[in-house]
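So the structure is just underneath, and the comments pick up after that.
Computed from a prediction, not measured in an experiment: that's the story for all the values here. Throughout, numbering of the chain's residues begins at 1 and tracks the sequence. FYI, side chains are in, hydrogens and waters are out, and symmetry mates aren't considered; it's all heavy atoms of this structure.
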Amino acid sequence: MKNSIFIISLAMVSAVWVGCNPGSDTHSRDYASYVNPMIGTGGHGHTFPGAVTPHGMIQPSPDTRIDGWDACSGYYIADSLINGFSQTHVSGTGCADYGDILIMPTVGPKVIDNQIDTLQNLPFASGFSHDSEIAEPGYYSVMLDRYGIRAESTASDRVALYRFTFPEVMSGEAGMVVDMDYSIQHQDNLTMNLRAVSDTEITGYKMTKYWAFDQGIYFYAKFSSPFNIEYVSDTIMTSKGKPYARCKALLTFREIKPGDRLFAKIGVSAVDENGARGNVEAEMSGFDFDGTREAARGKWNEWLSKIDVPETENKDDLTTFYTALYHTAIAPNLFTDADGRYLGMDRKPKQGTTDAPVYTIFSTWDTFRALHPLLTIIDPQLNDAFLRSLLLKAKEGGILPMWELASNYTGTMIGYHTAAMLADAVAKGQNSFDPGEALAASVRAAEYNPEGIIAPPAVVACLMPQAKYYKNLMGWIPSDKDHESVAKALEYAYDDWAIARLADAVGDTETKLRYDSLGKAYRHYFDPTTRFMRGRMSDGSWREPFNPRASNHRNDDYCEGTAWQWTWFVPHDVDGLVELMGGREAFAEKLDSLFNAPSELEGELVSADITGLIGQYAHGNEPSHHVTHLYNYVGQPWKTQELVGRIFKEQYRNDPDGLSGNEDCGQMSAWLILNAMGIYQVAPGNPVYSIGRPLFREMSVKMPDGKALEIKAPALSDTNIYVKSVKLNGQRLTSPFISHSDFTLGGILEFEMTDKPCDTFK
């Protein structure tokens with residue numbers, strides 16, 4: 001950073017330690033009551049409403065549809081039929097997987113035919129009304145109208161627990177369909193088996209090939225009442241002549257009478273059946289539904305209490321905020337069984353320890369931007385555990401993951417952003433891992449070498465695209481040699497800068513100099529005539545034709561965006577980008593044009609991810625998430641404040657369609673949480689936060705070491721949206737930036753608000 005950033009050092013200032021709102025007891029406050037798990041289940045949020053614990057292994061949730069982009073989590077608010085309840089789900093992703101081990105309670109005949117060519121619903125699906133649904137942290141309930149059954153679910157970390165209340169008048173016997181061949185978006189079932197262990201226990205295994213090429217799961221289920229069992233193991237033919245294998249168990253509970261309750265507890269494991277059974281036995285000795293529900297809610301209250309906002313604030317804002325904080329703890333997911341075993345990236349079981357568990361579901365292209373920086377504030381130990389998992393996966397599989405799912409490299413998205421996450425933790429002094437190991441793993445990800453990666457060739461090609469070869473050979477990526485060349489090049493430049501930070505931390509001067517140089521490669525793509533980042537051909541000419549609002553999804557020079565959005569992705573060297581654009585005034589004018597341009601998009605296949613548009617700024621997708629804060633670098637902080645406030649109101653709502661894009665494993669929500677604090681980290685790896693404006697008049701952020709930071713903006717209102725001054729422990733900030741060490745010092749961060757734009761930090 002150059003002169004545009006001046007960080008006031010407050011390390012020597014005597015801080016005032018404060019609690020979380022004097023007079024309030026945060027341990028007894030029911031933060032979970034503010035959470036609405038339905039937020040994001042409409043639009044394209046792709047969240048699910050099921051009962052989970054923070055970062056739990058199992059995610060029991062209702063499934064309402066099978067096909068289409070909005071089936072990614074299995075549930076969509078517009079639907080009126082439930083197929084059943086599967087045990088694994090991904091939260092807010094743009095690709096689908098999981099949806100394993102579907103169960104559906106029944107009364108009377110269990111209808112499984114015709115299952116041919118179904119679009120969204122299975123033959124035994126039940127109608128339901130959203131009026132009968134209850135979705136809370138750690139609890140879900142719905143009335144299955146077809147059967148008259150009240151279905152409830154809760155969970156521990158590794159076990160789902162169901163309670164089914166049968167109707168007072170039953171037209172047939174109580175039953176259950178256990179469906180192994182069901183999956184979201186009709187995944188390829190490679191292996192399926194089921195067997196009854198006793199007349200109250202059933203176990204099984206399935207292996208699917210889809211987003212994760214080799215996703216196996218074992219399960220063990222125990223019921224509170226004995227059953228008779230009928231197996232369905234056959235192959236049916238679709239109308240297109242394609243064989244479809246079925247594997248189901250049809251259970252009949254001979255002792256269940258009208259009005260009775262049936263309990264079912266289900267454990268899962270990626271290791272073996274003993275792991276699934278051991279998880280159940282370790283976490284749930286009986287069928288204490290209410291106790292399990294209470295314990296799950298307690299875990300959520302512990303997580304949500306990390307940030308205390310007074311209940312006197314706007315109720316919808318509280319719900320939006322605490323639901324966002326809830327969504328930041330759905331993923332990554334626990335992947336270590338209760339006995340310490342887990343499945344490695346080499347597809348082999350490993351003996352680990354529950355004291356240092358392994359996690360899965362790493363959407364690093366999304367979450368490096370805000371989720372992991374948020375964790376460095378509210379739970380750095382957990383963030384460190386996630387990073388240790390990623391480094392372990394690199395050892396086992398041959399390279400750091402880009403998007404890891406169930407110990408599979410998916411090869412999804414671009415960049416090698418774990419390098420930035422590792423560099424950020426080291427810069428903040430929060431790493432228990434060896435920085436030298438982190439550097440070596442990051443360099444391995446940055447250099448073109450497809451050897452030794454345990455993944456199918458098609459996935460290896462995504463992990464090691466030709467772009468890395470040309471980036472390192474030529475210093476830039478020709479657009480005629482690899483697709484998404486501009487987006488890849490800009491992200492590689494940022495990640496290479498982060499690698500240089502790791503090299504600097506370990507004293508490796510040679511590597512630092514090399515990767516600092518690579519971090520400047522973004523300059524190759526800036527066209528001074530159009531003032532956009534553009535693709536260059538092998539001969540150095542600009543790719544033609546050029547349209548900054550054009551999109552051809554995943555098959556042009558950009559990734560899920562256009563030149564309008566990607567031109568700004570130089571978070572590590574904003575001053576350098578300012579220089580390219582002709583200085584501070586010219587930069588600000590260009591930035592103004594981003595937010596004021598018409599929002600129309602053009603192209604052969606416009607990316608559905610380009611959403612939440614303000615002009616051509618797209619808040620619904622991650623590449624834009626830092627852009628509102630760029631005004632701080634050119635002396636116009638009031639514009640950052642205006643835009644952050646506008647995004648608060650327009651892009652986040654207490655509504656199923658309350659997210660402007662995919663939730664993406666907590667990233668969309670983490671943006672809200674950080675900005676609600678009045679900050680955002682533009683470049684993870686550089687431990688500096690940009691100042692915006694807070695969402696609430698008051699909040700208290702708990703620090704892991706017992707400190708707390710009170711964030712106050714007493715005059716904040718619908719009209720007082722601008723920041724006049726900012727003080728930390730009584731000392732005024734003289735630039736719109738604050739270091740991580742000062743922010744986490746504790747005390748009071750006070751925003752003086754006004755109704756007029758002003759040069760706050762002049």
Side-chain angles (χ1 to χ4, degrees), residues 32 34-56 58-66 68-79 82-83 85-99 130 133-142 153 155 160 184-185 211 296 300 303-304 316 319-333 361-363 366-367 370-371 374 403 405 608-609 611-612 619-622 651-673:
Y34 302 114
V35 174
N36 177 11
M38 290 297 177
I39 292 177
T41 60
H44 301 303
H46 295 179
T47 63
F48 61 86
V52 297
T53 60
H55 303 105
I58 197 165
Q59 307 89 34
S61 190
D63 287 10
T64 64
R65 63 172 54 191
I66 300 170
W69 195 40
D70 289 323
C72 284
S73 76
Y75 182 96
Y76 197 64
I77 194 69
D79 297 335
I82 286 178
N83 291 313
F85 306 87
S86 63
Q87 315 312 311
T88 56
H89 296 85
V90 286
S91 178
T93 57
C95 295
D97 208 291
Y98 281 176
H130 293 301
E133 284 185 294
I134 301 172
E136 302 170 353
Y139 175 75
Y140 175 83
S141 176
V142 68
S153 58
I184 297 169
Q185 293 188 356
W211 188 13
W300 278 114
W303 176 262
L304 298 169
D316 278 338
T319 295
T320 302
F321 177 83
Y322 277 110
T323 304
L325 191 55
Y326 167 82
H327 279 143
T328 65
I330 304 296
N333 301 128
I361 309 298
F362 285 100
S363 180
D366 306 290
T367 58
L371 178 63
L374 172 65
W403 217 123
L405 194 160
D609 295 285
T611 58
H619 190 73
N621 207 25
E622 282 69 21
Q651 309 281 345
Y652 297 89
R653 302 187 311 280
N654 179 18
D655 185 86
D657 190 11
L659 295 173
S660 60
N662 299 160
E663 166 61 20
D664 284 323
C665 297
Q667 167 59 26
M668 191 68 67
S669 289
W671 186 98
L672 176 67
I673 300 301

Would you please name every residue forming a side chain to side chain donor-acceptor pair (under 3.5 Å) with [X], sequence neighbours left out?
| X | value |
| --- | --- |
| Gln185 | Tyr210 |
| His327 | none |
| Asp97 | none |
| Gln87 | Tyr162 |

Any heavy-atom pair between the side chains of [Y] and [X] that's under 4.5 Å?
| X | Y | value |
| --- | --- | --- |
| Tyr140 | Ser61 | no |
| Tyr34 | Thr323 | no |
| Pro37 | Val35 | yes |
| Tyr98 | Thr93 | no |
| His89 | Asp63 | yes |
| Phe48 | Glu663 | no |
| Phe321 | Leu304 | no |
| Trp671 | His619 | yes |

Margin query: Donor-acceptor pair, distance only, cut-off 3.5 Å: does the side chain of Thr611 make one with the backbone of Ser660?
Written below: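 Flag set: sc Thr611 to bb Ser660 pair under 3.5 Å.
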Backbone N/O of Gly612 and side chain of Gln651: donor-acceptor pair under 3.5 Å |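 The answer is yes, because a donor-acceptor pair under 3.5 Å joins these two groups.
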Partners of Tyr139 by ring-ring contact (aromatic ring centres under 6.0 Å, His included), sequence neighbours excluded?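 Here no residue qualifies.
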Taking ring-ring contact (aromatic ring centres under 6.0 Å, His included) as the test, write out the residues that go with His55, two or more places apart.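 His55 satisfies ring-ring contact (aromatic ring centres under 6.0 Å, His included) with Trp303, Phe386 only.
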Could you work out, with side-chain contact (heavy atoms from CB on, under 4.5 Å) as the rule, every residue matching [X], not counting sequence neighbours?
| X | result |
| --- | --- |
| Ala670 | Thr328, Ala370, Leu371, Leu374 |
| Asn654 | Asn36, Ile39, Asp316, Thr319, Thr320 |
| Thr53 | Asp157, Ala296, Lys299 |
| Ser363 | Asp366, Thr367, Trp403, Cys665 |

Of the non-hydrogen atoms in [X] and [Y], which two are nearest, and what is the gap between them?
| X | Y | answer |
| --- | --- | --- |
| Val90 | Cys95 | CG2-O, 4.2 Å |
| Ala96 | Ile184 | CB-CG2, 3.9 Å |
| Ala51 | Ser153 | CB-O, 3.5 Å |
| Gly94 | Asp664 | N-OD1, 4.1 Å |
| Phe85 | Val142 | CZ-CG1, 4.0 Å |
| Pro62 | Gly50 | CD-CA, 4.3 Å |

Item to complete: Using the test salt bridge (charged side-chain N to carboxylate O under 4.0 Å, His left out), find all partners of Asp609 that sit at least two apart in sequence or belong to another chain.
Response: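 None.
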Residues in salt bridge (charged side-chain N to carboxylate O under 4.0 Å, His left out) with Glu133, at least two apart?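 With sequence neighbours excluded, Glu133 shows a salt bridge (charged side-chain N to carboxylate O under 4.0 Å, His left out) to no residue whatsoever.
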When rounded to the nearest 0.5 angstrom, what is the spacing between [atom1] in [X] and [atom2] in [Y]?
| X | Y | atom1 | atom2 | value |
| --- | --- | --- | --- | --- |
| Ile58 | Asn333 | CD1 | CG | 11.0 Å |
| Ser91 | Tyr326 | OG | OH | 8.0 Å |
| Met38 | Asp655 | CE | CG | 12.0 Å |

Subject >> From CA spacing to verdict: side-chain contact (heavy atoms from CB on, under 4.5 Å), His44, Asp70 >> reply: CA-CA 6 Å; His44 301 303; Asp70 289 323; 2.9 Å; yes
- Message: So if I apply the ring-ring contact (aromatic ring centres under 6.0 Å, His included) rule between His46 and each of Tyr76, Trp69, Tyr75, which one comes out positive?
- Response: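 Between His46 and the candidates, ring-ring contact (aromatic ring centres under 6.0 Å, His included) is satisfied uniquely by Trp69.
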What do the steps show when you test Met668 against Tyr652 for side-chain contact (heavy atoms from CB on, under 4.5 Å), and what is the final call? CA-CA 9 Å; Met668 191 68 67; Tyr652 297 89; 3.7 Å; yes
